[in-house]
Amino acid sequence: MEHQKDENFHVNIKELNYEVLKKIRGYLRRMVDAGGSDLHIKANSVVRARVNGEVIPLSGEIFSKEDALTFAKELLRTRFHELVEKKELDLVYPFDEQTRFRINIFFQMEGISAVFRLIPVKILTIDELNLPSIVHSFAQMERGLVLVTGVTGSGKSTTLAAIINEINWNKRKHIITIEDPIEFVHKDRKCIVNQRSVGQDTISFSSALRAALREDPDIILVGEMRDMETIEIALHAADTGHLVFSTLHTLDAKETINRIVSVFPSVEQNRVRMTLSSVIKGVISQRLIPTVDGKRAAALEILVRTARIEQLIIENRDVEIPDTVAEGKELYGSQTFDQGILDLYLTGRISREEAFNYATSPSDLKLKMEGLGDSVNRNKMHSDEELKAFKDDEVFALKS
């Protein structure tokens, strides 16, 4: 049995003809031409692609267990032993000069599977992504913590790349990114950009982040805050004058604050709330919604730190964060998901049905569509001069 395992997992590069990999490249080209985002390969199954949010088959041909194993050897070559040891592996695959893929290849009960995620070579700007104008302000900040959150595949990396790109073109700073793996490649423009890949250029997020503090950075991008140590160092970096960007797999701002705090032991949570309240500059949470033209648009919830938000975090009143975010739309540029979804609906980008499907509270959204309970309509009762009187957070909170 052990002999058979060694035989199956041994790679003799001279014996590889790359025919299976060539076939997969054909599927990748078809997926890209169809406007897809992910290619799914699974032993003993058909090859599928995610196109406009749905996973569809690209052919009726079964990709055998043997072909899957051969594909893995042809793709990984001398790194195949890493897959055998770790049981899963992340890497970036350059398809051609214009196209790159992030790959996760892994073992499952029927053999080997892999998922190719398309990485656009061109980094779209904040405006090209049709993000709210307030997102530009996060690229102008000098220090603090900015988080981009959402489920896998919600566009977090794309949004962060746009923000880093804007800094790169407009400021003279030192940017360090720590990613797993590197997706968008940033060439030095006005900034110097050092990009490090976990596993290849550094052992872990936490070790790279700790080292970054000794590398004269202005901006640090941490691909994901996965553990308490990484979160602790990121908070410290933001607290000591750096601008830190990172991601979390959380649904909204309220859950994001709660997740960060709950990672720590209960005896530490008050301290963490104090630090987080002082360094957090914003939370951008994302959902991708199918559009009327068959594409997808990002609906954003955006928390902008104010004195009111700071107070709620310190006092463990996270449940009040959504209402405060909603009230700050006109003055601070913050918005809830439902406000963002309403904007997409009113501009004709998404249908009424999809708006309700993705809304946090479909019933409240329906009222807003009918002109009831809409904070924007209430604010229209005030003149510009009156609104200026509410710029103090506490006064605004009382008014709301």
Side-chain angles (χ1 to χ4, degrees), residues 28 31-33 35-39 50 52 90-104 116-141 146-198 200-201 208 212 217-224 243-248 281-288 291 295-300 302 349:
L28 288 169
M31 188 267 288
V32 171
D33 291 344
S37 60
D38 300 82
L39 186 77
R50 185 178 295 278
N52 294 328
D90 288 311
L91 65 151
V92 171
Y93 178 64
F95 184 82
D96 55 33
E97 291 184 359
Q98 300 300 320
T99 312
R100 298 165 67 244
F101 293 91
R102 182 185 73 196
I103 306 174
N104 182 272
F116 288 73
R117 163 64 57 85
L118 178 64
I119 305 171
V121 172
K122 183 181 186 298
I123 300 175
L124 297 178
T125 67
I126 292 171
D127 292 333
E128 287 172 336
L129 291 171
N130 294 309
L131 302 179
S133 59
I134 188 65
V135 177
H136 287 287
S137 70
F138 298 124
Q140 302 302 318
M141 293 175 176
V146 177
L147 300 172
V148 180
T149 82
V151 299
T152 300
S154 58
K156 299 186 295 293
S157 297
T158 302
T159 296
L160 276 175
I163 295 173
I164 294 296
N165 186 56
E166 183 159 316
I167 296 171
N168 193 17
W169 279 101
N170 292 286
K171 294 190 173 186
R172 299 188 184 279
K173 302 287 185 178
H174 179 202
I175 302 171
I176 295 176
T177 77
I178 307 162
E179 304 170 71
D180 183 20
I182 293 169
E183 297 188 22
F184 294 91
V185 176
H186 297 272
K187 301 295 184 183
D188 292 354
R189 304 301 179 186
K190 286 189 175 182
C191 293
I192 178 172
V193 187
N194 280 300
Q195 295 185 259
R196 308 188 68 194
S197 177
V198 174
Q200 180 175 324
D201 306 311
D218 298 292
I219 295 102
I220 305 172
L221 185 151
V222 185
E224 185 180 345
L243 179 57
V244 179
F245 293 95
S246 191
T247 72
L248 282 169
K281 294 294 184 180
V283 179
I284 303 170
S285 302
Q286 303 192 176
R287 297 174 187 168
L288 290 183
T291 58
K295 299 179 181 179
R296 291 190 292 175
L300 271 58
I302 303 175
R349 298 187 65 196

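Given the structure is predicted, the values throughout are model-derived calculations rather than measurements.
When side chains are defined from C-beta on, L39 does not count as touching F101, because their heavy atoms never get closer than 4.5 Å. The shortest side-chain heavy-atom distance between D38 and L118 does not fall under the 4.5 Å cut-off. Proximity of V148 to F245: side-chain heavy atoms (C-beta onward) are nowhere separated by under 4.5 Å. You'll find the side chain of N104 stays beyond 4.5 Å of the side chain of F116, heavy atoms only. The shortest distance between side-chain heavy atoms of L243 and I220 does not fall below 4.5 Å. A heavy-atom distance below 4.5 Å is found between the side chains of L160 and T247. In this structure, the side chains of V283 and I302 stay at 4.5 Å or more apart for every pair of heavy atoms. Using a 4.5 Å cut-off on side-chain heavy atoms (C-beta onward), S37 and M31 make no contact.
Around NZ of K187, the count of heavy atoms belonging to other residues, nucleotides or ligands within 6.0 Å does not exceed 12.
Listed here is the closest heavy atom pair of H174 and N194: NE2-ND2, 3.0 Å. For the pair A161 and I123, the tightest heavy-atom approach, listed with the atom from each and the gap, is O-CG2, 3.6 Å. Between I176 and P217, the closest heavy-atom pair is CD1-CB, 3.8 Å. The shortest heavy-atom contact between R100 and P94 is CG-CA, 4.2 Å. Counting all heavy atoms, side chain and backbone alike, K190 lies closest to N170 at CD-C, 4.0 Å. For C191 against I167, the heavy-atom pair with the smallest separation is SG-O, 3.5 Å.
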Please walk me through it: do Q286 and T159 pass side chain to side chain contact (heavy atoms under 4.5 Å, CB included)?
CA-CA 9 Å; Q286 303 192 176; T159 296; 2.3 Å; yes

After noting the C-alpha distance and the side-chain angles of R102 and E179, does the key distance pass the salt bridge (charged side-chain N to carboxylate O under 4.0 Å, His left out) rule?
CA-CA 12 Å; R102 182 185 73 196; E179 304 170 71; over 6 Å; no

Checking side chain to side chain contact (heavy atoms under 4.5 Å, CB included) for the pair Q195/V193: CA distance, chi angles, key distance, verdict?
CA-CA 6 Å; Q195 295 185 259; V193 187; 3.9 Å; yes

V32 and F95: CA distance, side-chain angles, deciding distance, side chain to side chain contact (heavy atoms under 4.5 Å, CB included) verdict:
CA-CA 11 Å; V32 171; F95 184 82; over 6 Å; no

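The closest donor-acceptor contact from the side chain of R196 to the backbone of D201 lies under 3.5 Å. Proximity of a side-chain donor or acceptor of R50 to a complementary backbone N or O of G36 within less than 3.5 Å is not detected. Looking at D218, its side chain never comes within 3.5 Å of a backbone N or O of K173 through a donor-acceptor pair. Between the side chain of Q140 and the backbone N or O of S137 there is no donor-acceptor pair closer than 3.5 Å. Within the 3.5 Å criterion, the main-chain N or O of L147 finds no donor-acceptor partner in the side chain of S246. Looking only at distances, a side-chain donor or acceptor of T125 sits under 3.5 Å from a matching main-chain atom of E128.
E166 and H136 are linked by a side-chain donor-acceptor pair at a separation below 3.5 angstrom, with hydrogens and angles left out of the test.
Ion pairing of E224 with K156 is absent here, as no side-chain N (NZ or NE/NH1/NH2) approaches a carboxylate O to less than 4.0 Å.
Applying the side chain to side chain donor-acceptor pair (under 3.5 Å) rule to K295 yields no partners; only residues at least two apart in sequence or on another chain are considered.
Distance check: I163 CD1 to M141 CE gives 9.5 Å after rounding to the nearest 0.5 Å. How far CG of L300 is from OG of S154: 9.0 Å, rounded to the nearest 0.5 Å. The line from CD1 of I103 to CD1 of I119 is 9.0 Å long, rounded to the nearest 0.5 Å. Atom CG of N168 is separated from atom CG of D188 by 7.0 Å, given to the nearest 0.5 angstrom. Between the CD1 atom in I175 and the CG atom in L221 there is a gap of 9.0 Å [rounded to 0.5 Å]. The structure places CG of L131 at 7.5 Å from CD1 of I284, a figure rounded to the nearest 0.5 Å.
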